[in-house]
Amino acid sequence: MTTGVVIALIGAALATILAGVGSALGVAMGGQAAAGVVSEDPNQFAKVLILQLLPGTQGIYGLLVTFIALSQIGLLGGNIAELTTKQGFAFFVACLPIAIVGLISAIYQGKTSVASIGVVAKKPDQFGKAMLFPAMVETYAILALLISILSVTNILK
């Protein structure tokens, strides 16, 4: 295995690890708030569950970029490419947007979800409005996902 492949694999791993850690933290924050609401009003379970799960998407995005990178490298097909160090660093850098933005946006989306869960606790009829706040944070994770996918898929062309 070449140095380029190793560097590319580190980037791919970071996409999953960092975005996944952010999602775990964000979902945990939401879960704590959701549990408090459900203990008082079990009828709000579905609404607060949706709000709790929103920060989990960044982990999925990181995993998606990792699968695409592994596929491009040839690791999933069994025919590993001979990457130069320069190409390895290109993969590494291409994975950074979703790794870093995924980590940070999931944590902040978790915090925003907690606030929205508080809205649902006090005014359940405002769920639609409450959901918009954490959804706005998602925008930046989606932008990072697009940049990482576009970058990863065009390195070896």
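Hydrogens, waters and symmetry mates play no part in the numbers below; they use all other heavy atoms, side chains included. Just so we're clear, the structure is a prediction, and the values are computed from it rather than from any experiment.
- Between the side chains of Glu138 and Tyr61, a donor-acceptor pair is found at a separation under 3.5 Å.
- The number of heavy-atom neighbours closer than 6.0 Å to CG of Asn79, taken from other residues, nucleotides and ligands shown, is 12 or below.
- Between Gln58 atom CD and Ile142 atom CD1 the span is 8.5 Å, to the nearest 0.5 Å.
- Atom-to-atom distance recorded for Thr153:OG1 and Gln72:CD is 6.0 Å, nearest 0.5 angstrom.
- The backbone N or O of Pro134 lies less than 3.5 Å from no partner atom in the side chain of Thr112, so there is not a single donor-acceptor pair.
- At least one donor-acceptor pair under 3.5 Å links the side chain of Lys47 to the backbone N or O of Pro124.
- Ala130 and Val120 get closest at one heavy-atom pair: CB-CG2, 4.2 Å.
- When side chains are defined from C-beta on, Leu70 counts as touching Leu9, because their heavy atoms get closer than 4.5 Å.
- Taking the centre and axis of the six-membered ring of Tyr108, the NZ or CZ atom of Lys111 falls inside the cone set by 45° and 6.0 Å.
- Within the model, atoms CG of Leu145 and CG of Leu150 stand 9.0 Å from one another, a figure rounded to the nearest 0.5 Å.
- Judged by distance alone, the side chain of Ser116 and the main-chain N or O of Met131 form no donor-acceptor pair under 3.5 Å.
- The shortest side-chain heavy-atom distance between Phe91 and Leu156 falls under the 4.5 Å cut-off.
- The backbone N or O of Ser148 lies less than 3.5 Å from no partner atom in the side chain of Ser151, so there is not a single donor-acceptor pair.
- Rounded to the nearest 0.5 Å, atoms OG1 (Thr3) and CZ (Phe89) are 9.0 Å apart.
- In the hydrophobic clustering of ILVMFWY residues, with side-chain heavy atoms under 4.5 Å counting as a link, Leu54 and Leu63 come out apart.
- Here the side chains of Thr66 and Cys95 are not in contact, with every heavy-atom distance at 4.5 Å or above.
- For the atom pair Leu14 CG and Ile98 CD1, the distance stands at 12.5 Å (nearest 0.5 Å).
- Side-chain atoms of Thr16 do not come within 3.5 Å of backbone N or O of Ala13 as any donor-acceptor pair.
- The main-chain N or O of Val38 is never found under 3.5 Å from a side-chain atom of Gln44 such that the two would form a donor-acceptor pair.
- Side chain of Ser105 to backbone of Val137: no donor-acceptor contact under 3.5 angstrom is found.
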